[in-house]
Number of protein chains: 2
Amino acid sequence: MVYVMDGRILASDHGEDPATTNNRMEFTAMIHGLEMLGPAEEMDVYTDSQLVVNTLTQWAAGWKRNGWKRRDGEVKNLDLVRLAYELFLERPNVRIRWIKAHDGSLWNEYADALSTAYLRSEV
Amino acid sequence: MVYVMDGRILASDHGEDPATTNNRMEFTAMIHGLEMLGPAEEMDVYTDSQLVVNTLTQWAAGWKRNGWKRRDGEVKNLDLVRLAYELFLERPNVRIRWIKAHDGSLWNEYADALSTAYLRSEV
RNA sequence: CGACACCUGAUGAU
DNA sequence: ATCATCAGGTGTCG
């Protein structure tokens with residue numbers, strides 16, 4: 001996860017935690033990112049997890065309407081999903097964006113590419 | 001690749017071919033090695049490619065059963081994989097063994113270590 | 001069926 | 001130190 005505001009990289013989560021699942025990690029990173037922000041802040045938040053992007057921008061609305069149930073069973077990681085969605089709703093100026101996963105060793109160039117992408121899309 | 005029989009090194013492929021991928025090279029070397037052998041010959045064949053070892057001793061059986069498909073798409077280098085596997089099946093007394101890659105400059109000592117290892121494991 | 005990510009292991013090249 | 005080429009497994013959704 002990378003936090004971008006005004007074209008600058010604010011912070012990035014790049015930690016590794018073998019004690020939890022990858023998807024819980026992605027949601028947790030997103031939650032931390034959203035929590036850093038005030039409710040009116042304008043911010044792009046990039047994640048490489050399609051699961052997180054789709055959950056927040058498409059699926060969560062339907063799940064909430066439905067009593068937090070999926071078509072085929074229950075929603076996994078529901079605690080994190082609900083929390084992330086709440087935080088997301090409270091911050092209407094946040095844009096969640098997906099970006100292809102970086103290669104760990106090229107982190108600097110990756111971050112650079114991100115802020116460039118940000119500037120391009122915002123100008 | 002190194003061919004060992006009765007504790008003696010018979011031959012070794014140590015060529016380099018930049019026009020093909022490393023993995024195709026490993027398979028090709030293995031095929032050449034198997035082709036030198038009769039169907040009943042007892043032989044150790046060492047390769048430094050874990051890909052080749054696993055393919056022949058574990059994965060190919062499942063792929064064949066499955067119509068030569070992997071879980072996620074198709075099998076790469078399928079031509080070489082199938083050929084090598086056929087040759088391997090026809091030679092039940094061949095043992096495919098993995099050995100850590102040699103340092104090119106230590107080839108003699110490497111071959112020596114191999115035949116020593118062979119003698120040890122066979123006595 | 002499709003997509004994305006994460007983990008592990010191995011080799012090759014400069 | 002960084003590039004590419006290979007595999008198997010798990011977490012998740014439509």
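These numbers come from a predicted model, not from an experiment. Within every chain, numbering begins at 1; the chains are lettered A, B, ... in the order of the sequence lines, protein sequences first and strands thereafter.
Looking at residues two or more places apart in sequence or on another chain, you find no side-chain hydrogen bond (donor to acceptor under 3.5 Å, both in side chains) involving B/Asn22. Partners of B/Gln50 under the side-chain hydrogen bond (donor to acceptor under 3.5 Å, both in side chains) rule, at least two apart in sequence or in another chain, do not exist in this structure. For B/Lys64, the side-chain hydrogen bond (donor to acceptor under 3.5 Å, both in side chains) partners at least two apart in sequence or on another chain are B/Glu86. Looking at residues two or more places apart in sequence or on another chain, you find a side chain to side chain contact (heavy atoms under 4.5 Å, CB included) between B/Leu51 and B/Asn23, B/Phe27, B/Ser49, B/Thr55, B/Trp59. Contacts of A/Arg24 classified as side-chain hydrogen bond (donor to acceptor under 3.5 Å, both in side chains), with partners at least two apart in sequence or in another chain: A/Asn77, A/Asp79.
Summarising the geometry, the separation between CD1 on B/Ile96 and C1' on C/A10 is reported as 16 Å, rounded to the nearest angstrom. To the nearest angstrom, C1' of D/dA7 lies 7 Å from CG of B/Asn54. Remark: P of C/C4 and CE of A/Met30 are 18 Å apart, rounded to the nearest angstrom. A/Gln58 places its CD atom 15 Å from the P atom of C/C4, with the value rounded to the nearest Å.
Closest approach to the A/Asp48 side chain among C/A5, C/C4, C/G12 is made by C/A5 (side chain taken as heavy atoms from C-beta onward).
Listed by residue number, there are no residues of residues 82-90 of chain B with a heavy-atom contact under 4.0 Å to DNA chain D.
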With B for base contact, S for sugar-phosphate-only contact and - for none (protein heavy atoms under 4.0 Å), nucleotides 8-14 of chain D reads SBBBSSS

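The shortest distance between side-chain heavy atoms of B/Leu87 and B/Glu35 falls below 4.5 Å.
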Can you list, pair by pair, the side-chain donor-acceptor contacts under 3.5 Å of residues 65-76 of chain A, counting residues two or more places apart and other chains?
{"from": "A/Arg70", "atom 1": "NE", "to": "A/Glu74", "atom 2": "O", "distance (Å)": "3.2"}
{"from": "A/Arg70", "atom 1": "NH2", "to": "A/Asp72", "atom 2": "O", "distance (Å)": "3.1"}

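Between B/Met30 and B/Val52, the shortest heavy-atom distance links the atoms CE-CG1, 3.6 Å.
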